[in-house]
Amino acid sequence: MSEFEPKIVAFVCNWCTYAGADLTGTSRIKYSANVRIVRFPCTGRIDYMLLTKAFASGADGIIVSGCHPNDCHYTSGNFYARRRWMVFKKICDFMGIDTRRIVFSWVSAAEGGKWAEIVNSTNEEIKKLGPYESYHKLSTQDILA
Amino acid sequence: MSESHNHLVDNSLSGKIKKETGVSVARCYQCGKCSAGCPVSVDMDYPPSLLIRKLQTGLPEHEEQVLRSKSIWFCLSCEMCIARCPMEVDIPPMMDYLRHESIRLKKVNPASKNIISFHKAFLDSIEQTGKLYEMGLIVDYKTRSFNLMQDVMLAPSMFAKGKLSILPEVIKNRRNMKQIFKNTLKNKQK
Amino acid sequence: MARIGVFICHCGENISATVDCPKVSEVAAKFPGVVYSIDYKYMCSDPGQSMVVNAIKEHKLTGVVVSACSPRMHEPTFRRACAEAGLNPYLCEMANIREHCSWVHEKGDKTDQKAIDVVRMMVEKVKRNNALMSIKVPVTKTALVIGGGVAGIQAALDIANAGHKVIMVERDPSIGGHMSQLSETFPTLDCSQCILTPRMVEVAQNPNIKLYTYAEVESVEGFVGNFTVKIRKKAKSVDETVCNGCGLCTTKCPNKKIPNEFELGMGKRPAIYVPFPQAVPNIPVIDKINCTYYKTGKCKICEKVCQAKAIRFDQEDEIIEVAVGAIAICTGFDVKKTDFFPEYGYGKYKDIIDGLQFERMASASGPTSGEMRRPSDGQTPKKIVFVACAGSRDPAKGIEYCSKICCMYTAKHAMLYKHKVHDGTAYVFYMDIRAAGKNYDEFTRRGIEEDGAKYIRGRVSKIYERDGKLIVVGADTLMNAETVEIEADMVVLATAGVANPGAEELAQKLHVSYDQHKFFSEAHPKLKPVETNTAGIYLAGACQAPKDIPESVAAASGVAGKISCLFANNELTREPLIAFVDRTAPPEYSSCTGCFLCQPVCPYNAIEREDVKDRNGNLIKQLAYINPGLCQGCGTCVAVCKSKSIDIDGYTNSQMYYEVDALLNS
Amino acid sequence: MQKIKLGYYPGCSLEGSSREYNESVQAIAEKLGIELVSIPDWNCCGATAAHNLNKELSLSLPARNLALAEEAGLKELVVPCAACYSRFTTTQHELMHDETMHQKVNGIIGKEYKGNLRILNVIQFIEEFIIDKLDDNIKFEFNKKVACYYGCLLVRPNKILNFDRTEDPQTMDVVMKKLGADSIDWAYKTECCGAGFSVSFTEAVGRLSGKIVEDADHRGAEALIVACPMCHSNLDMRRPEIDKYNGKKLNIPVLYITQAIGLALGIDRNILGLQRHFVTVKLNDFKPFAKKIEVENLQITEEI
Ligand SMILES: Cc1cc2nc3c(=O)[nH]c(=O)nc-3n(C[C@H](O)[C@H](O)[C@H](O)COP(=O)(O)OP(=O)(O)OC[C@H]3O[C@@H](n4cnc5c(N)ncnc54)[C@H](O)[C@@H]3O)c2cc1C
Ligand SMILES: Cc1cc2nc3c(=O)[nH]c(=O)nc-3n(C[C@H](O)[C@H](O)[C@H](O)COP(=O)(O)OP(=O)(O)OC[C@H]3O[C@@H](n4cnc5c(N)ncnc54)[C@H](O)[C@@H]3O)c2cc1C
Ligand code: SF4
Ligand code: SF4
Ligand code: SF4
Ligand code: SF4
Ligand code: SF4
Ligand code: SF4
Ligand code: SF4
Ligand code: SF4
């Protein structure tokens, strides 16, 4: 009976997207409760190994979001995040991690509506993809081995 | 997203110009430098910057005026405009394109009859002989343009100076030449 | 063992209407390490805060999680409460169950579960928080002002009047900058020298200001509050302490045919010179490149005539080291010359001048004593053409941006010309009149309506000379783009305002960023317009982009305000959420491999190379060292370091790892 | 002297109305030991007409010539006519930057152009192969005041041609100074003469060429120096229209730069084709060449 409810983790920066999600709240725009937000000082801080960690811990989808290009609170952190993401994506492809499950986005502190849209669209997308069992299983076995 | 407007389908004449020639009339900020430098802007119905302005509005009546203008035919392709345009709006290829469109849509301005007749006579000469046969060109042009009196004075002195030959020079591979015309001009006109 | 207290807030009904707060509190009580859990109506109210304070004391809490609104709202409130109870404030975290939960989701199990997960996440985080001390840095209450134009002058005077010490470094022999070259100024047409000179004198006389002219910044080290700056005092060949400014040397120097920079080549000066009569300081310098003595070893006439015995041919450049707490960059701008516009004659026609040259010509103290005289033959130009945007807004041959000040000064020039040549005609070729400022549009209108400047909307295509006249060919785009030809006696090009030569080099010395046009970059275009990205270094005036005097002065006062704020305290307090490199003792065992991949990614140049030496002083290894004065805590270096040798307080690797784990493994 | 062999494309005008240009190029080449090898079975470049009416045709006509030149094993191609030079260079540029068009044109002409030719206009030809030989071969100093007229096609579009600067070019002036001439600064160096409108829109040509001739004459030039057959025929043959526009008769002659070089080398006037001009070329009393003329190398300051 119960429909699949994906677990989505959002890695966001403190200055733009976290504040944007606050604005979604103050504007009372509703979105899916399947998302959990983890706050970082800057997308530049996000170590992509944490993404694999999240999948291993049971996440089905991940959102990474920070300030728009050129709006970074620290001028260029998001630029490096973006650059490292390009490399990491290749590693994911190599390791067989499904990069469709990782959504990269920019949400500014003024884009409360956009934040809700991104969560909802990611939620729908991950629902279509189903639970990320292959990875959960794989990593559990890895840990057991 | 911010890139999305690149995907807009633009069916205006300026949209087609951009697609076919890469020239963006939107870049023009109407400074008029091209018109001021254009050697034939006084002969034109719309000096180059005004022609661009008409394309910028995208209104059908303006586009019609452009295609029916004398300007596109009076343009000498001298490239002065692009040499000076601060925004690097490449007018000459745009003019070429507009001329082709004007012919295709049968909107050629009657006042440019002479110019087109000359171009056609010129190309006919090449198609026939592979080279420009100046004597033939003048005769041909005159019959097309009915401009019989003009330049009658010039031809005899040109003969005298050895500048006009009565017989054409002909290339050997005339088939190749016919082929080229068949594949390009004739192909288009059908 | 961790002893964590959890406080669940209802926020009236803002949270409790959607989230089952008592249930969350109940579940949280069972999390490992949680010794106290409670829910309450308004946590941020006085009674709510007291609950936190009392619980800390009573239950000997080692960490606090307030599960309420966004930390962006009340984190400081609860950290203060913790401090009051004797708990390190950095051992307090907030779980956001209002903005990120109750306000955006429907009531139900899923929402409750989310609230529980978020609280668990913060509990796992707070267990791994370090007790941190705010960073205190001592502040040297002296400011360095680089550049002595109107912006630098304003900044220096404001800071000095706030009671702080100022060191001003000016590259030229005198302060004053471009404003000292201007004749009259828009939008009021008051005399530039008259309003500037008194301020220049004030700088020289203010006991709080130490002025170094003919000097440049050599190097800058350190961080906010604590910069060490080396200044190169170029040799003036004159002893400033002895010279009394009588000027005899300058009148006797036989070498008088050197083009005068201040007059932009329109006048001449001797080899020993004061750039202009009102110069501050009024002390001459010897131009070594042109001085006969320096060239040939013969002359020394200046030395002979100087009664004060102030000439020092053997003087050398001097390097001075100063300690300052803040730096204001006020190095201004430059104008492009006329010779880069090929169709306007390569600068080969004498009667085509630029705006700054026109200022000198219009200035009563200028080479023509303020009379309009064209350079080629000294005749009064009866027809003059001004060309706006001559090089600006021109990606093809010039620069793409709008230089902002030239619309206004061109209008001013047309007016000044008409005021001096009553029967003359002034034409202005323009594209748009950009006069957005208080009384600016009124000013340009006055030029058109009252002084009869003839504005033609179009860009000039070509200028050529014929029979002593300059033929200006343009178009009138308001008249079907018809060609307009004007036979002018003189042409003034409003050439582009560009970055000062040397700006790039200075930016690199100061580690501040600059844009593609080599103008200095502000930290934020709207909210931090006078700050750079480097804490403690500020910007004012036209070094940031072309600016007029009111804007330059406003920015300079802004900088002075910022610096005075900084100097208001003896110490600087900063959030301790900054990065640090793993430093075991002895340091050679640090996991840092010295790859320095971290170094270029830091937006604040906070990462330095530290030499590790053995007892004999031989270099064993280089380690990364993060300067706590410069690090702003973005964490980019943490993510970049492959050997995981950098960590950042507040967002440590282990905190983030356990947060993610706790969030998902419910 | 070792003979240099270069590819040559005379073009239609040089075989007809501007044959004296051809004659003078050939004469100086021969005098200085250069052999010009014409492209076998070359055809017309299509000039203005082709690109006004059809883009592919305008590329195919020059492309056939380029392909033939390549087939004949030529490395350099000297193209004295500025209009042909412009069409050739533009075609080469377009084909090398647009692979689809390149393939298409190859199909149309039934040949493949690989793009290995160096296309030289007459000034480049002079700079590279003639100028160094001048000192040893000059007999007379061209001691006249001249106005060098570049027209539009030699220098524009600069992005493609990449030759000299678009405004106030100097290369011809440098050559003329080398011959001993006093080349003046004037206003119409690169203004269009009316080019291909010579027959179809003669009034415009009268006006445009009229301004050019008048300005050169007004500034005291004794000859106009050109490097393009279209410029020459407009400025020389259209004198009645020019004089009508100016309301006065101007007698300033128009010389091809190769004719000027020929005169300095002491080649017979009739071999250089001076008798074919409509405006009589009176210039004589040249001074015998005495010593090397040092011309300062031009500093191009335009491009930043
Ligand atoms: C033709 C013209 C007319 C103008 N008319 C007006 C007007 O009527 N009204 C108006 O409001 N504005 C006018 N302006 C604008 C005005 O000149 C500027 O707003 C003003 O000069 C900016 O002041 P500043 O101090 O920022 O820069 P500047 O005046 O350029 O001063 C910068 C100073 O820094 C020094 N410096 C540069 N680099 C270094 C270095 N590395 N180390 C040490 N010192 C250095 C320079 O020597 C100079 O003294 C005009 C500008 C021009 C070009
Ligand atoms: C349609 C529009 C769009 C704009 N877009 C932009 C943009 O995209 N980018 C940009 O940079 N700028 C923009 N601006 C300009 C921007 O709004 C202003 O620069 C900015 O708001 C000015 O801030 P302020 O604090 O000076 O004045 P205000 O924002 O007007 O604030 C003044 C405050 O003072 C209060 N107040 C007034 N009188 C009294 C009194 N007697 N006693 C007590 N309080 C009083 C008012 O209630 C108000 O809160 C825009 C402006 C408009 C109108
Ligand atoms: S190319 Fe055409 S539009 Fe441009 S300046 Fe020449 S004639 Fe005018
Ligand atoms: S010169 Fe360029 S920008 Fe100016 S009007 Fe012409 S096309 Fe437009
Ligand atoms: S702490 Fe936050 S959530 Fe709680 S009552 Fe105060 S504002 Fe509301
Ligand atoms: S150096 Fe001597 S002469 Fe010159 S101004 Fe100073 S005191 Fe006078
Ligand atoms: S020594 Fe130099 S500065 Fe002094 S008078 Fe002679 S030339 Fe002038
Ligand atoms: S301020 Fe006026 S003159 Fe200057 S660049 Fe901008 S628009 Fe042109
Ligand atoms: S990236 Fe890491 S290992 Fe490399 S220098 Fe920086 S701290 Fe050391
Ligand atoms: S945390 Fe950011 S600011 Fe601090 S050293 Fe690392 S990269 Fe630089």
Side-chain angles (χ1 to χ4, degrees), chain B residues 22-57 59 61-62 65-66 68-72 74-76 78-95 98 109 111, chain C residues 336 340-346 385 387-403 406-407 427-434 455-464 470-488 491 493-496:
Chain B
V23 178
S24 165
V25 299
R27 275 184 69 75
C28 167
Y29 53 24
Q30 287 295 308
C31 70
K33 199 173 179 183
C34 50
S35 297
C38 173
V40 285
S41 64
V42 288
D43 305 303
M44 292 176 166
D45 33 10
Y46 316 119
S49 62
L50 196 52
L51 199 77
I52 293 184
R53 182 72 202 122
K54 292 194 180 284
L55 291 167
Q56 284 177 332
T57 69
L59 293 173
E61 57 270 34
H62 287 160
Q65 286 170 343
V66 167
R68 292 194 185 278
S69 69
K70 286 192 262 183
S71 304
I72 58 178
F74 284 0
C75 163
L76 288 154
C78 75
E79 310 258 354
M80 182 60 96
C81 45
I82 172 64
R84 296 207 179 136
C85 173
M87 299 303 287
E88 297 175 286
V89 179
D90 202 352
I91 295 178
M94 178 191 89
M95 291 289 199
L98 290 171
N109 185 299
Chain C
K336 238 175 149 54
F340 73 107
F341 242 126
E343 55 269 48
Y344 297 171
Y346 283 113
V385 171
V387 182
C389 305
S392 310
R393 306 173 68 193
D394 184 344
K397 298 200 180 89
I399 47 169
E400 64 211 45
Y401 56 82
C402 161
S403 292
C406 17
C407 272
Y427 291 94
V428 178
F429 279 94
Y430 76 105
M431 301 207 305
D432 305 279
I433 303 179
R434 299 195 167 166
Y455 272 66
I456 302 172
R457 194 204 172 278
R459 218 172 158 101
V460 170
S461 174
K462 178 173 175 164
I463 304 173
Y464 63 93
L470 292 164
I471 318 293
V472 182
V473 188
D476 189 332
T477 55
L478 302 180
M479 217 156 50
N480 286 339
E482 261 173 37
T483 305
V484 181
E485 262 191 38
I486 293 172
E487 273 191 24
V491 173
L493 303 182
T495 54

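All of these numbers come straight from a predicted model, not from anything done at the bench. The sequence lines fix the lettering, A, B, ..., with proteins before strands; numbering per chain opens at 1.
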Contact summary for C/R459 and B/P86, nearest pair of heavy atoms:
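Taking C/R459 first and B/P86 second, the nearest heavy atoms are NE-CG, 3.4 Å.
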Testing the basics here: between C/A475 and B/A36, what is the closest heavy-atom pair and its distance to 0.1 Å?
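Scanning both residues, the minimum pair turns out to be N-CB, 3.5 Å.
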With a 4.5 angstrom heavy-atom cut-off, which part of B/C85 approaches chain C: side chain, backbone, both or neither?
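For B/C85, the backbone is the part near chain C, not the side chain.
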Could you look at B/Y46 and say if it's the side chain, the backbone, both or neither that has a heavy atom under 4.5 Å from chain C?
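For B/Y46, neither part sits under 4.5 Å from chain C.
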Between B/C31, B/S41, B/S35, which residue shows the highest count of heavy-atom pairs closer than 4.5 Å to chain C?
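Maximum pair count with chain C is reached by B/C31.
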Counting heavy-atom pairs under 4.5 Å with chain C, which one of B/R84, B/M80, B/M87, B/Q30 comes out on top?
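Max contact count across the listed options: B/R84.
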Which atoms of C/V460 come close to chain B, meaning under 4.5 Å heavy atom to heavy atom: side chain ones, backbone ones, both, or neither?
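Interface part for C/V460: backbone (N, CA, C, O).
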Identify which part of C/Y430 has an atom lying under 4.5 Å from any heavy atom of chain B, answering side chain, backbone, both or neither.
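Answer is neither: C/Y430 stays 4.5 Å or more from chain B.
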Can you tell me if CD on C/E485 sees more than 12 non-hydrogen neighbours from other groups inside 6.0 Å?
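Yes - once you tally the heavy atoms of other residues, nucleotides and ligands closer than 6.0 Å, there are more than 12.
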Within the distance-only criterion (no hydrogens, no angle test), does the side chain of B/Y29 pair as donor or acceptor with the backbone N or O of C/R393 below 3.5 angstrom?
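Yes, the answer is positive, given that a donor and an acceptor are paired below the 3.5 Å cut-off.
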